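A short write-up of the structure that comes next.
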Amino acid sequence: MAESSGSSDNNMKNSNLFDSPSSGDEHADRGGLISSQFSGYSNISYSFQSVISALESCDDMMLLQSLNQLSIDLAIAQEDILAAMPLDQLVYALVTCLQKEDFPDIVLYSMNCLTNILDTMPNITGLIVARGGIGVLSSKLMNFDFIDMAEQAIKLIEKISYESALDIVKEGVFETMMNTLDFFELETQKKIWRIAINIAKAMISQQCFLQHIMPMLPQIQPMLIHRGTDMVGQAELVIDFFIALLENAIGLFSSDLKMLQGNLQNLNEQGMMRNLIEIIQQAPSLNLKVFKLLRLICKISPTLSMSLLSMGICTILKDVLNKSYESSSSDYLLEAFNLIDIIVPVDNPKDAIEKERLQIFRESNQYLNTIGESVIPHLIFVYQNCMESELKTLTLKTFYKLFAISPPECLTIYIDTQTLASFLSEVLHSQHLNPIHCALKIINICYDKIPQEIAEHFTREGIIDRINALNKQEVISQLKRSKANESPVGLKKYSRFQQEERESSSLNYFEQLIMNLNGEKEVINIDAETDEFLTNIPNFKHQLNLKSDPKNESLDLCNSIIEKNSHFENKHALRTGKSLKKLAEKLEYGRQGNANEIWRNLISMIESDNKISFYEFSNSGIVEALWKWFNRGDLEDSKQVTVLIHRLEEFLTEFLKENSKSQVHLKSFLALFDGAGNYGNNLNDIGPERNYERSNRFLSQRSRLTFIYAPSEEDWSRLGEASQEFNIRNNFFAANNRICIASELSIPFAAVKSHLLRVKSKDDLNNFKKLFKNKNQQRKNIAKALRELGMEGSEFGRLYKASIAQNLFSNDIDITEECELRPEAKNQVLEQIDIIMTVNGQEIHDGMTTLDVSNKFGKSDEIKFRFVKISQNKKESKMLVGQNMIYKEILNDCENVGVDIGEKIFPYLRILKLFSKINELLPYLMTPSSLLFQSLSESFRLHKLEYEIFQSSKISVILSRFVQDNRTSLPSWTKPLIQSCKFLVPFTIKSDIFQISDIGPYLDTWGYDISQKIKVKINREKLLEGATAAMRDPKMLKSAPIEFEYENEVGTGVGPTLEFYSLVGKSIRTLDIWRNSGDELGLFPAPILSNSAKVKDQFLFIGRLVGKGLLDQKQLDLPLSPAFWKLALNENLTLNDVLNVDKNLAKTLFGLQEVVNKRNTLLAENKRVHSSSLTYKGTHIDDLCLTFVLPGYDTIELKENGKNIAVTLNNLHEYITLVSKFTLMQETQISAFREGLNSVIPIDMLKGFTGEELEYLICGASNESWDISTIQECIIPAHGYFHSSSTFQNLLIVMSQFNSQEKRSFLQFVTGSPRLPVGGFASLVPKLTVVKKDPENPGVHSDEYLPSVMTCHNYLKVPDYSSIEILQRNLKYAMEEGYEAFHLS
């Protein structure tokens, strides 16, 4: 190598390699052909010839100029141009130039040229190696007189290392880099570490490892240390190096790890593992990789595993997992538990290392106890609340290993037996064989070690019942088998096939190979390059053949457990379950009798110290019996409904009483639902089996879909009645009834429907198909067209970007004049038309994606669709009046919980939804003015229960995992469940799901480019008119985010945009279209006499504005009433909803309802009704002088001639009903709002939120804590201020004392919005930063200056005031006077 790199100039002159490319050789002919097509080729060829000429003439100045030009030409050269060059000659010439030691600039330009070549053609590193380039580059690393040269050499070596790392090692570059590391800047050091990582991965022999790498490790190890946040990136690379090194070393030294163990022991004596533990504590972002490195160390050395335990790794892991389960990715948890799994030995080890590990553990029982107590609760929690099969398998495996090696006295220390029994029972009710098999092994161990302690709980939790059911060949055979990629225990992984251990495909390869050897499959080609692999084939085959059948082994375990249990069976264990079943039977077969005794017995069992187990509760049938008790009989029979309502009243009267802990019994009762609902029904098993890990990787893949127009006979028969728009679409698709597109798997069908609704011509259909074309292909087409025009280099880049941009977003818009909505926009909807899509006869819901449909309905690429009027397809809001109507609608709604009726979780969700809806009607449900109950005592009052009581912790944690992993592919049951049972999941998780799986995929279909911005200029004096004009084009609204700025103001970006939404919201609130100001109850439309085009246009605009705010995640200061959202989402309303519109009116109506209830009670008891005894606040109804006119709106009559009809006791109920209906049912305005919102985003995406949650989502947070500790964590002092600075501390004090209006003013001043985003201060992006504002004039004191802001960056500039009083005064003045303008500060 040294000889080839040291050729003299004379040798060069005689070398044929430097012959001119135009001399007639093969390259020249090829070059001549290419040059006619590519102008770039001739440029490079000319520059190359200049370099050759300069080398031959020894003209260094000419050489320098030629290399400079060559470097420029190579920087913009395409691969096809370079491929036509004589690359061997080119590389040889450049390597020769590297040896011009006396002319550093020539060396630098040569390196630039080689770097540019590698950027385009990285596979030519072999030419550089062959020409001795690595040795020459290595010599440059020690030249500190020209540090730029050394840094450029490292940059070039890094590129070479990806293809030729071993050649770098052989030249001694690794040792040189490590010895000179500290001489370079941080970025160059990172490049060195990346080279080292590539070298570590490329090691193929022990000799290379021992000769070049091992001697440097004592020098490298001290770099494994936390050196502050600025050095985290470098620390990560050092960890990556050790990970790559040890992964490779395990394969290289697999036959004898003693040498590795000794070296690791030496490194640990220098503090290696202690440093890694410090990194865990100080740099949490590196934890995943630190866990992985520690796992590899422990895998190699059992002794170091014990050292790690002695350093307190269990406590550290426990703290880390306690803090970060919901905020950590699955990979993070997997790596943490992999570390634990490696540390814990197997019970019956085969190899020497595992035997050594087990022996050490038996000699050190205290470590076993530490692991068990720290880890087992987390193992259970993770298993119950994750959906990744790999993670679940790992937790069970570790659980089993701990129980297998622990002495009996330790097991009850790890976990109480009731929790253990409940957990194992849940595992046994899985639909998969693997977890059941593992659970059976754990149960068998328990009967061997602690039979007395577990016998009763195992019976009460249904374990024995389940094992008896499993102890049948036909039952076991129906269980799902493990995936093919799950590794049998004991198979080694060899370096030749080594990847991430948990993602290794080598085992599949081995298994396939063994099947080939057994003649089960066609023989495949085997690469026999590695002798070690071939040598071990018989061992793999032997291990695979020895694998026991888990089905037969499971049956043997069942028999063993049943036999062992017979010796410890406790008949008293069945007492609670039997009692509960008897109560259920009494309800099941009871008739009209009083059930108060049943309720009191049930409460007694729920509140007793001997708690009902989840299994006893789920197996008793009490939930199903309870539903039948409330829903038995003909709901069309008013007398029967009255009986059912009375039953519910009796139940609530007992269960809404408080226990000794001042909690209502219903809360204790509902606590059983979450456990019992999960019981025997892993949510993984709802619907078809699905591999989420795999499906999430393929979301960007595309699936071919065929849409077939298939109207029903009824649709054809209605053509004469339908509108023109409906008929146009029907006729067009009848002639074009098959449409093919290629859609990404994550695209929701709501987006497809939205586009398809716009198709009614050939041009529309072509545009529809273009939307789903591959965007990458579109970009390639643009690039190809530009190159055909001869565009290259910077000109190509500029035009390419411009062409892409032209396809994605509009030009800037200047809206300064008042304007109306375009006529075509006004008539855009034409008619309320929707599309129904089906696969195999089953309807596709809007929230479903292509992947969801495939998983739920099976693979089918044919989708049938037809058009319907929305009134035919959509549920409309109804005003529920009268106890019978209200109760029937509640029961009917509870039948829809988002899962099929056959699912085991269905009855729990159904009754839970019933109680949730009852809770919504509190407190008035349980008062004399109740809408359902007629005879409640005045003394019995109860407020709403906490919303969290009805939430499912299991479902919430499962979905939070998906959100944390940023998966657009959610389980297919997610959206139907959330939309049907809004109470089940916390708002924060639902809002994240909305952004990730609804908004994100929906915008993908519109080519929404978040990196581009549509600039809209607004006249501040004509704000509302400008906003209306900006929202007139829904297509533009869905193309890119809009940034607003104001005329004659310098502000631009996020700040003015947030202020725009805030001020527009404020302006909308002042319009005369509202019943109230929205400050307390939220905005609700005022009643209108007739359809007003102006009012409809205003609500159409508001709908679009709300939709755009949701798309761009901009807060809009426009709180809409929960009753408004119920109407918008087509939900039913009752008198209770008047409370969210007009509290004074609602209180009056409830008072009148109480009079109606008393009258109905007297009539039901056949008593005489005396009007004198039925009064409202002591006044007879006749004396109230009420008429059938809407209160507050004298021009709106509730019925014909209503102003002349007096309200009496006999028509009082009708009056209450009509007032409620005329107050709430503002369908004209709501319909326009819904239309506007639907034109931007499908309103169905919002169905999973309550009205209160939608205000939070659209307007931002309004009730966040502003205590000092909270805001101190979220506000950053900088540029002159520190956390300890007095002015900064004074600011926190002042902020913590703000009232609600001052909080709004402060946020408006600093961020441009009067509310915080969802999540509060912690969610501000960027973080709120307080910086020091220095006086502009030296003679003026800081106290004379006001604070100023940069809203785009959430910067608050505060002078260093002399006192807290001055800070408070100046800040409030700035908040009040300085927020409605954007000028330089």
Side-chain angles (χ1 to χ4, degrees), residues 1 3-60 62-100 106-137 156 159-160 162-164 167 787 792-793:
M1 298 290 263
E3 266 185 76
S4 65
S5 66
S7 302
S8 66
D9 289 345
N10 290 329
N11 289 337
M12 281 196 306
K13 290 178 183 178
N14 298 324
S15 173
N16 290 330
L17 288 176
F18 283 179
D19 287 345
S20 170
S22 60
S23 63
D25 63 8
E26 182 182 351
H27 290 294
D29 292 340
R30 188 180 177 193
L33 177 64
I34 299 293
S35 63
S36 64
Q37 300 175 9
F38 299 97
S39 60
Y41 179 86
S42 59
N43 294 337
I44 296 176
S45 180
Y46 178 79
S47 300
F48 176 42
Q49 287 304 309
S50 299
V51 171
I52 299 301
S53 298
L55 282 170
E56 290 175 345
S57 62
C58 299
D59 187 340
D60 288 341
M62 178 182 173
L63 181 60
L64 180 62
Q65 293 173 1
S66 301
L67 286 170
N68 181 21
Q69 185 58 48
L70 180 61
S71 176
I72 295 171
D73 293 337
L74 289 171
I76 60 175
Q78 302 298 314
E79 183 176 355
D80 48 3
I81 295 175
L82 281 181
M85 295 293 299
L87 290 174
D88 193 24
Q89 297 177 38
L90 180 57
V91 170
Y92 185 20
L94 292 173
V95 171
T96 303
C97 293
L98 290 178
Q99 300 172 59
K100 292 280 187 178
I106 290 178
V107 177
L108 282 172
Y109 279 121
S110 301
M111 290 182 186
N112 281 337
C113 289
L114 288 169
T115 301
N116 291 335
I117 294 172
L118 287 176
D119 284 340
T120 306
M121 299 184 70
N123 58 337
I124 61 98
T125 56
L127 294 178
I128 300 175
V129 174
R131 290 301 179 183
I134 294 178
V136 179
L137 290 171
L156 184 52
K159 293 183 180 297
I160 296 172
Y162 289 102
E163 299 288 337
S164 305
D167 296 294
R787 290 198 179 101
E792 294 292 343

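Please read all numbers here as calculations on a predicted model, not as lab measurements. Atoms considered below: every heavy atom in the structure, side chains included; atoms not considered: hydrogens, waters and symmetry mates.
Contact annotation: the side chain of L137 approaches that of M111 to within less than 4.5 Å [non-hydrogen atoms, C-beta and beyond]. The side-chain heavy atoms of I128 and L118, taken from C-beta on, include a pair separated by under 4.5 Å. E56 places a side-chain heavy atom less than 4.5 Å from the side chain of I52. The side-chain heavy atoms of L87 and M121, taken from C-beta on, include a pair separated by under 4.5 Å.
The salt bridge (charged side-chain N to carboxylate O under 4.0 Å, His left out) pairs that include a residue from residues 42-54 number zero, where partners must be two or more places apart or lie in different chains. Under the salt bridge (charged side-chain N to carboxylate O under 4.0 Å, His left out) criterion, no residue pair touches residues 120-130, with sequence neighbours excluded.
Qualifying side chain to side chain contact (heavy atoms under 4.5 Å, CB included) partners for S66, counting only residues two or more places apart in sequence or in other chains: S50, V51, M62. Annotation: side-chain hydrogen bond (donor to acceptor under 3.5 Å, both in side chains) contacts of S164 (sequence neighbours excluded): T125. Residues meeting the salt bridge (Lys or Arg N to Asp or Glu O under 4.0 Å) test with D59, sequence neighbours left out: none. With sequence neighbours excluded, the residues forming a side chain to side chain contact (heavy atoms under 4.5 Å, CB included) with T115 are D119, Q152, K155, L156, K159, listed by chain and number. Legend: residues meeting side chain to side chain contact (heavy atoms under 4.5 Å, CB included) with I72, ordered by chain and number and at least two apart, are N68, Q69. Annotation: side chain to side chain contact (heavy atoms under 4.5 Å, CB included) contacts of I106 (sequence neighbours excluded): D60, L63, L64, L67, C97, K100, F103, S110.
Taking CG of L70 as the start and SG of C113 as the end, the distance is 4.0 Å to the nearest 0.5 Å. Note that OG1 of T96 and CG of L55 are 6.5 Å apart. Values are rounded to the nearest 0.5 Å. For the atom pair CG (L94) and CZ (F48), the distance works out to 8.0 Å, reported to the nearest 0.5 Å. Here the CG atom belonging to L127 is positioned 9.5 Å from the CG atom belonging to L90, to the nearest 0.5 angstrom. In this structure, CD1 in I44 is found 10.0 Å from CG in N116, a value given to the nearest 0.5 Å.
Nearest heavy-atom pair, S47 versus D73, reported as atom, atom and distance to 0.1 Å: OG-OD2, 2.7 Å. Residues S71 and N112 approach most closely at OG-CB, 3.6 Å, considering heavy atoms. Closest approach of V95 to G132, counting heavy atoms only: CG1-C, 4.3 Å.
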### Task
Carefully, step by step, assess I81 and T120 under the rule side chain to side chain contact (heavy atoms under 4.5 Å, CB included).
CA-CA 10 Å; I81 295 175; T120 306; over 6 Å; no
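Tested against I124, the residues L114, D88, V91, I160 include a single side chain to side chain contact (heavy atoms under 4.5 Å, CB included) partner, V91.
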